[in-house]
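This report refers to the structure that appears directly beneath it.
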Amino acid sequence: MSKLVRFGISIENELLRHFDTYNSKKKYKNRSEAIRDLIRDKLADEKIVDPDAFVFGIISFVYDHHKREIQKNLNTVQHDSYKSIQFSTHIHLDHDNCLEIIIVKDKASKIKPLAESIFGFKGVKQGKLTLMASYK
Ligand code: NI
């Protein structure tokens, strides 16, 4: 961890009150920890919109495995992106539905189109892409 630096912040009473309520809900021990996390989150949000940014995350989706071509399409798109995919797993939710979770690591410009192609397949009922970027 790099050296900590102190700096002062001016803030409206009302906003500080909301912030303290948020901090106690999130179980922060002090305001500094909460502010550091908020800054990291904001910087990461900014970073993941950059197509060249190196990101990691999770593509999760639910699909009906009876739909024609779905297994073939999912297999093809994942093999096409094998360099971005670190891990994947498949859970049979019930008679018709499957949940697949793919952990990815690559440039945002590689990950987003992969998720979009998966979510666009006929038979995919719900999909979520969670992206993160690291900040110390
Ligand atoms: Ni299944």
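Index from 1, following the sequence.
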Contacts of [X] that satisfy side-chain hydrogen bond (donor to acceptor under 3.5 Å, both in side chains) - sequence neighbours left out:
X	answer
Lys72	Glu69
His95	none
Lys125	Asn97
Glu33	none

[atom1]/[X] to [atom2]/[Y] distance, rounded to the nearest 0.5 angstrom?
X	Y	atom1	atom2	answer
Asn23	Asp37	CG	CG	10.0 Å
Leu74	Phe61	CG	CZ	5.0 Å
Ile59	Ser81	CD1	OG	8.0 Å
Leu16	Thr21	CG	OG1	9.5 Å
Gln78	Asp80	CD	CG	10.0 Å
Ile70	His65	CD1	NE2	11.0 Å

Query raised in the report: Can you pull the side-chain hydrogen bond (donor to acceptor under 3.5 Å, both in side chains) pairs that have at least one residue in residues 101-118, sequence neighbours excluded?
Result: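 Counting only pairs at least two positions apart or across chains, the side-chain hydrogen bond (donor to acceptor under 3.5 Å, both in side chains) contacts touching residues 101-118 are Ser84-Asp106.
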Query raised in the report: Side chains of Ile103 and Thr89: does their closest heavy-atom pair fall under 4.5 Å?
Result: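 Result no, sub-4.5 Å side-chain heavy-atom pair not found.
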With sequence neighbours left out, write down each residue that passes side-chain contact (heavy atoms from CB on, under 4.5 Å) with [X], or none if nothing qualifies.
X	answer
His90	Tyr63, His92, Cys98, Glu100
Lys26	Tyr22, Tyr28
Tyr82	none
Glu12	Leu15

**Report entry** Heavy-atom neighbours of Asn13 CG exceed 12 at 6.0 Å
**Finding:** no
Query raised in the report: Does CD in Gln126 sit with more than 12 non-hydrogen atoms of other residues, nucleotides or ligands closer than 6.0 Å?
Result: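 At most 12 heavy atoms, drawn from other residues, nucleotides or ligands, come within 6.0 Å of this atom.
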Going by atom type alone, with no hydrogens or angles, which donor-acceptor pairs under 3.5 Å involve a side-chain atom of residues 44-53 and a protein atom two or more places apart or on another chain?
from	atom 1	to	atom 2	distance (Å)
Asp50	OD1	Asp52	N	2.9

Query raised in the report: By salt bridge (charged side-chain N to carboxylate O under 4.0 Å, His left out), which residues pair with Asp64, not counting sequence neighbours?
Result: none
**Report entry** salt bridge (charged side-chain N to carboxylate O under 4.0 Å, His left out) against Asp20, all qualifying residues, sequence neighbours excluded
**Finding:**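 Arg31.
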Report task. Find out if a path of hydrophobic residues (ILVMFWY) with successive side-chain heavy-atom gaps under 4.5 Å connects Ile9 to Leu43. Result ->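 Yes, Ile9 and Leu43 fall within the same hydrophobic cluster.
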Query - Phe7 reachable from Leu38 in the ILVMFWY side-chain graph, under 4.5 Å edges - result: yes
Query raised in the report: Of Leu129, Thr130, Ile102, Ile101, which is the lone residue that meets side chain to side chain contact (heavy atoms under 4.5 Å, CB included) with Ser60?
Result: Ile101
**Report entry** Nearest heavy atoms of Gly127 and Phe119, plus distance in Å
**Finding:**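 Minimum heavy-atom contact is CA-CE2, 3.5 Å.
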Query - For the student: nearest non-hydrogen atoms of Ile118 and Val124, plus distance - result: O-CG2, 3.2 Å
